[in-house]
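Lettering of chains follows the sequences in order, A, B, ..., and the numbering in each one begins at 1.
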There are 2 protein chains.
Amino acid sequence: MEKYYTIGDVAARTGISAHTLRYYDKEGLLSFVKRSESGTRLFTKEDFEPLYTITVLKRSGMPIRKIREFMSLYLQGNDTIHERYVMFNEQRESLLEQIGELEDMLKIVDYKCWYFQEAEKRGDINYYKKLPEQEVDQRIIEFNKIVDDFREGVAKED
Amino acid sequence: MEKYYTIGDVAARTGISAHTLRYYDKEGLLSFVKRSESGTRLFTKEDFEPLYTITVLKRSGMPIRKIREFMSLYLQGNDTIHERYVMFNEQRESLLEQIGELEDMLKIVDYKCWYFQEAEKRGDINYYKKLPEQEVDQRIIEFNKIVDDFREGVAKED
DNA sequence: TCTTGACTTCGAGTATACTCTAACATCTAT
DNA sequence: ATAGATGTTAGAGTATACTCGAAGTCAAGA
């Protein structure tokens, strides 16, 4: 006899609310979950692995409809190993892109933190404009170049 | 006499659609933009810097309402340098967290890519279950531990 | 002058992912 | 046996960020 987990059990253990789990089911992500005669969802020990995979794909930024595709392949078993590999590989690329984008933003935000500290010391957000050109910090000149490129409509790597 | 850019010019240069620019204006992000007598928005060269800042904050994951707060401080000039510094510093923290989260997901997705390749070679998604325990790769054992923790409802660092 | 294209506002529509409510069924412990 | 907790469904509501359409205004060139 197998031990079953109700939707409430699963919610408490995984931190995914029962509402959300039902929503995922409705969206076709939880087709692997058994039901009792009366319709209650019966989660097994084994169901936690695909459930975990769903959370990983979600936290990686994969939309529900694509997770549904993945779960549909999962249900088909050994015949779809390659397709599922391809999907994970694509998600890997997507993650690298997302991380790259955020790291680019981090560089600019780091600059802004530095710049606002300098501006705060001098009590003037445009202090550098009153400085002789050779005294202006290189970081400011480079940032202004970026803004100029933005204004010129240079092709960007989005 | 100053050169002005219309909303169409700005859209073409920045890649932000005129629709979206008007939406941002309606949401209070573009209060710094002048208007002609007849109501047409007149963007100046200087307006591209706050516009660029808006895109950076957006791409960093900041919601519109918080960008509005920032732009409200921007309009108040030198008196709000410190508050703006604090906001950028918080955004820096947020970016580090987001990058950390994605890097955690990348580790798991990397593992999945490896695992699916192994499974594909053997034509069996559960090949390791038929192996003697000491022949099971350590990576698989570690991943299964993570899934077990997930099932046990261990406190997670979300 | 008239046409054309770009501008304006307002408000409705779309997409995504929940989040909640209502009405009802079922399970469990006293 | 009955109360109360927990389960079920369908469908409505929320939040966010656009995205589009309609109806009208305005400025410049043929």
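The NZ atom of A/K26 sits 11 Å away from the C1' atom of C/dA17 (whole-angstrom rounding). The distance from atom CZ of B/R68 to atom C1' of D/dT16 is 12 Å, rounded to the nearest whole Å. If you measure from atom OH of B/Y23 to atom P of C/dC10, you get 16 Å, rounded to the nearest angstrom. Regarding A/D9, its CG atom lies at a distance of 7 Å from the P atom of D/dG7, rounded to whole Å. Distance CG (A/L21) to C1' (C/dT19): 13 Å, rounded to an integer number of Å. Remark: C1' of D/dA15 and CD1 of B/I64 are 13 Å apart, rounded to the nearest angstrom. At whole-Å resolution of the value, CD1 in B/I7 and C1' in C/dA6 are 11 Å apart. Between the P atom of C/dA15 and the CE atom of A/M62 lies a distance of 21 Å, rounded to the nearest Å.
For the segment residues 28-54 of chain B, residues with any heavy atom less than 4.0 angstrom from an atom of DNA chain D are, sorted by number, B/S38.
Note on ring orientation: taking the six-membered ring where Trp is involved, the planes of B/F143 and B/Y111 are parallel (angle under 30°, cut-offs 30° and 60°). Aromatic ring orientation, A/Y127 versus A/Y115: parallel (interplanar angle below 30°, classes split at 30° and 60°).
Side-chain atoms of A/K34 and A/Y4, non-hydrogen and from C-beta on, do get closer than 4.5 Å to each other. Within the 4.5 Å cutoff, the side chain of B/T6 has no heavy atoms near those of the B/L42 side chain.
The six-membered or imidazole ring of B/F48 lies away from that of B/F43, with a centre-to-centre distance of 6.0 Å or more.
In this structure, A/N144 contributes its side chain and A/I141 its backbone to no donor-acceptor pair below 3.5 Å. Put simply, the side chain of A/R84 gets close to the backbone of A/G77: a donor and an acceptor are under 3.5 Å apart. Under a 3.5 Å cut-off, the side chain of B/R68 and the backbone N or O of B/E27 do form a donor-acceptor pair.
Contact annotation: B/T6 side-chain N/O to C/dA6 OP1/OP2 distance is not under 4.0 Å. A/Y24 has a side-chain polar atom (N or O) that falls below the 4.0 Å cut-off from OP1 or OP2 of C/dC18.
Using a 4.0 Å cut-off between a side-chain N of Lys or Arg and a carboxylate O of Asp or Glu, A/K121 and A/E118 qualify as a salt bridge.
Distance from the side chain of B/R22 is smallest for C/dC7 among the nucleotides C/dT19, C/dC7, D/dG7.
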State the dot-bracket string of DNA chain D. Criteria: Watson-Crick or G-U wobble, both atom distances under 3.5 angstrom; notation: ( ) intrastrand, [ ] crossing earlier pairs, | interstrand, . unpaired. ||||||||||||||||||||||||||||||

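Among the heavy atoms of the strands, none lies under 4.0 Å from A/S17.
In this structure, B/A18 and A/K58 both approach DNA chain C, and ranking their closest nucleotides by distance from the 5' end singles out B/A18.
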